[in-house]
Amino acid sequence: MARHLVTSALPYINGIKHLGNMVGSMLPADVYSRYLRQRGHDVLYICATDEHGTPAELAAKEAGLSVAEFCAQAHDAQKAVYDGFELAFDYFGRSSSPQTREITQHFARKLHENGFIEERAIRQVYSPADGRFLPDRYVEGTCPHCAYDKARGDQCEHCTRVLDPTDLLNPRSAISGSTELEVRETKHLFLLQSKLQHEVEAWIDAVSEQWPHLSTSIARKWLTEGLHDRAITRDLDWGVPVPADTWPELAAEGKVFYVWFDAPIAYIGATKEWADATTDGETRDWKSWWYEADDVTYSEFMAKDNVPFHTVMFPATELGVREPWKMVDFVKGFNWLTYYGGKFSTSQKRGVFTDAALEILPADYWRYFLIANAPESDDSSFTWEHFTATVNKDLADTLGNFVNRVLSFSRKRFGDEVPAGRAAGEVEAKLGEEIARLLAEYEEHMEALQFRKAAAALRALWSAGNSYLEEKAPWLEIKTDADGAALTLRTAMNLIHLYAVVSEPFIPTTAAAMRGAFTLENDTTTWVTAEQAKSLDAVPAGTAFTVPPVLFAKITEEDLESYRARFGGSPDA
């Protein structure tokens, strides 16, 4: 049994996330974590809300709340949505926790001791109208690279280029909207990434061979352009404070660490939260997952805009600390999921958001569609037409209809127990071989974190059952060969049980309903071996069963029209 640490990009605190955010980080991490657990591995899946930085302050101001109160409410609201999506975090923490504060300050002190942080005077945007220095996200303007007129002072949402506030054209205060801005001198802490460039390059060379091309290309682009020393403090009221025992002057001025310095450290902090959250006397060793953790395989999941921070900036931080903290082994980067070809946007409220998605349909509809169309090798587009076709064909017809017609027909002809029939024959042996082959293919893709290919293999498993049913045609067999029809239905029911087990990472609620259809004592099956797949005998004759409600309802043309009306989108877009 191996130990696997899994993290996904921290969802930012200012509002419910959209489907693009879900498929680019948390959902694939959940699917992978569930799969690893089923295969018997020791898994720790950690995530947290990212609560520091200027958007949190701006959102709190807009809501008329203190930042602390706003973040507490927003954390609970986001967690409720993720529970609705059946995301099985081991712990979903908060970057504002005391644990993250403690570890962040420790990292900063060690970096300072090792000569990788220095205090520098810089010229920064100051707003007389607001009476304060403006951190990067408090400055908005036009991107000098792509001319996007709503770029922020840290990064352009449109072209993803990293910016400084002074780079922006026609800058304005995000607080007051004032364009009467000045540039004044102030002091900040800088992480000397330039001194760590060669170490980061050597680390990338050593670990990135199996990473997706997207992850390695982004990391190497940053390294080719050269790592620059970067300010890691900001003038904010909310954040991890600069420790007064190391930088008393800056602490007195109220400087806090930049969110992109403390946010990755929050993975460690949230793990400590997990350890500290026990109430039943259980002891959890959080540090063994992160410190001198050579037996741990660490996988991260994120969209491409987060890749630089996790493949270059945070590794530079960990290397500079000069302590044996666990560094990532595999970075699964994702491209964008677009909405009819345009970008999902939290700030512009464009696209389908996760809370609204759950109001329309249960989580498994979304989980399957998103993973089956994950933007791995390129951007992929969400359209209501594509969503409807996928749900109706794969979920309602291929899987749902198979389960319903097998169980309903067997109950009608043989009663409420799995029928016996004769021993398996040549057709069943051929089916078993095919199922074992497809299962191995599914496992191979899941191990490689190739989610679209894994979904295709899972769909092929479901299709194999339909092909078998069409070949044997028990509705005709029953007229001349009752034992043959009973064998066919018994075999199909064993397929349903197999589907319940191996589909669980994708559609956990439906998988539980399929497994729950059979009254099996001590059904502790966590996975299916090749031999079990070939024999198809997990559900023996005589086992009682029930017919579950419809697993997946088809989306009608009327439904489709209502979705378009509510969210926008056109088949001609």
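Atom CD of E426 sits in a sparse spot, with 12 or fewer heavy atoms from other residues, nucleotides or ligands closer than 6.0 Å. Annotation for K343: atom NZ counts as buried by contact number, over 12 foreign heavy atoms lying within 6.0 Å. Remark: E282 CD is packed, more than 12 non-hydrogen atoms of other residues, nucleotides or ligands lying under 6.0 Å away.
A distance-only check finds a donor-acceptor pair linking the side chain of N392 to the backbone of I555 [under 3.5 Å]. Formation of a donor-acceptor pair under 3.5 Å by the W274 side chain with backbone atoms of F92 is not found in this model. Panel note: side chain T354, backbone K17; a donor-acceptor pair is recorded below 3.5 Å. At distances below 3.5 Å, at least one donor-acceptor pair connects side-chain atoms of R367 with backbone N or O atoms of F506. Remark: the backbone N or O of A538 is not paired with any side-chain donor or acceptor of Q532 at under 3.5 angstrom. Listed for the D305 side chain is no donor-acceptor partner under 3.5 Å among the backbone atoms of T160. The backbone N or O of V406 sits nowhere less than 3.5 Å from a side-chain atom of S410 that would complete a donor-acceptor pair. Judged by distance alone, the side chain of S215 and the main-chain N or O of G333 form a donor-acceptor pair under 3.5 Å. Looking only at distances, a side-chain donor or acceptor of H18 sits under 3.5 Å from a matching main-chain atom of G20.
Inter-residue side-chain proximity for E557 and L560 is flagged as met; some heavy-atom pair is nearer than 4.5 Å. Residues P308 and M313 fail the side-chain proximity criterion, which asks for heavy atoms closer than 4.5 Å. P474 is not listed as a side-chain neighbour of R413, based on a closest heavy-atom distance of 4.5 Å or more. Under the 4.5 Å side-chain criterion, counting only non-hydrogen atoms from C-beta, R566 is in contact with E359. By the 4.5 Å heavy-atom criterion applied to side chains, Y298 and F330 are not counted as neighbours. Looking at heavy atoms from C-beta onward, E428 lies out of side-chain contact with L536 at the 4.5 angstrom threshold. In this structure, L214 and E376 have side chains that are not in contact, with every pair of non-hydrogen atoms separated by 4.5 Å or more. Within the 4.5 Å cutoff, no side-chain heavy atoms of R490 are placed close to those of R422.
Among all heavy-atom pairs drawn from V391 and A553, the shortest one is CG1-O, 4.2 Å. Listed here is the closest heavy atom pair of T488 and Y468: CA-OH, 3.3 Å. Residues A293 and S288 come closest through the heavy atom pair CB-O, 3.2 Å. The two residues L495 and G465 come nearest to each other via the heavy atoms CD1-CA, 3.6 Å. The heavy-atom pair separating P212 from K332 by the smallest distance is CG-CD, 4.0 Å. For Q78 against G15, the heavy-atom pair with the smallest separation is NE2-O, 3.2 Å.
Under the 3.5 Å distance criterion, with hydrogens and angles disregarded, no donor-acceptor pair is assigned to the side chains of S562 and D559. The closest side-chain donor-acceptor pair between S503 and W462 falls under 3.5 angstrom. In this structure, a donor-acceptor pair under 3.5 Å is present between the side chains of Y45 and S8.
Atom OG1 of T7 is separated from atom CZ of F89 by 11.0 Å, given to the nearest 0.5 angstrom. Note: D397 CG to N466 CG = 8.5 Å, rounded to the nearest 0.5 Å. The structure places OG1 of T543 at 9.5 Å from CD of E521, a figure rounded to the nearest 0.5 Å. Atoms CD and OG1, from E504 and T526 in turn, are 10.0 Å apart once rounded to the nearest 0.5 Å. Atom OG1 of T338 sits about 11.5 Å away from atom CG of L19, to the nearest 0.5 Å. To the nearest 0.5 Å, atoms CG (L223) and CD1 (I218) are separated by 12.0 Å.
No salt bridge links K326 with E300; every basic N to acidic carboxylate O contact stays at or beyond 4.0 Å. The pair R39-E443 meets the salt-bridge criterion, with a side-chain N (NZ, NE, NH1 or NH2) lying under 4.0 Å from an Asp/Glu carboxylate O. Between D481 and K472 there is no salt bridge, since no side-chain N of the basic residue sits under 4.0 Å from a carboxylate O of the acidic one. Checked for salt-bridge contact, E441 and R437 meet the test: a charged N lies under 4.0 Å from a carboxylate O. Under 4.0 Å is where a charged nitrogen must lie from a carboxylate oxygen, and between E273 and R284 no such pair does.
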Side chain to side chain contact (heavy atoms under 4.5 Å, CB included) assessment of L438 paired with Y442: CA-CA 6 Å; L438 290 171; Y442 177 54; over 6 Å; no
Working for side chain to side chain contact (heavy atoms under 4.5 Å, CB included), residues L449 and Q210: CA-CA 11 Å; L449 284 77; Q210 300 301 318; over 6 Å; no
F85 and D30: CA distance, side-chain angles, deciding distance, side chain to side chain contact (heavy atoms under 4.5 Å, CB included) verdict: CA-CA 10 Å; F85 267 87; D30 177 73; over 6 Å; no
Stepwise side-chain hydrogen bond (donor to acceptor under 3.5 Å, both in side chains) test for T510 and D364: CA-CA 7 Å; T510 305; D364 282 357; 2.7 Å; yes
Worked verdict on I268 versus Y291 for side chain to side chain contact (heavy atoms under 4.5 Å, CB included): CA-CA 10 Å; I268 308 174; Y291 199 84; over 6 Å; no
Full working for salt bridge (charged side-chain N to carboxylate O under 4.0 Å, His left out) between E531 and K534: CA-CA 5 Å; E531 289 307 311; K534 292 176 183 178; 3.8 Å; yes
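Taking the ring centroids of W336 and F334, they lie at or beyond the 6.0 Å cut-off. Annotation: Y91 is not in aromatic contact with W289 [ring centroid separation under 6.0 Å not met]. A ring-centre distance under 6.0 Å is found for Y35 and W527.
For the ring pair (Phe, Tyr, Trp, His ring centres under 6.0 Å) with F387, the lone residue among Y340, W366, Y339 that qualifies is W366.
Between F451 and F301, the ring planes are tilted. Angles from 30° to 60° get that label. Aromatic ring orientation, F369 versus F382: perpendicular (interplanar angle above 60°, classes split at 30° and 60°). Ring-plane geometry between W384 and Y563 is classed as tilted, the angle between the planes lying from 30 to 60 degrees on a 0 to 90 degree scale.
Sorted by first then second residue, the salt bridge (Lys or Arg N to Asp or Glu O under 4.0 Å) pairs that include residues 286-296, not counting sequence neighbours, are R3-D295.
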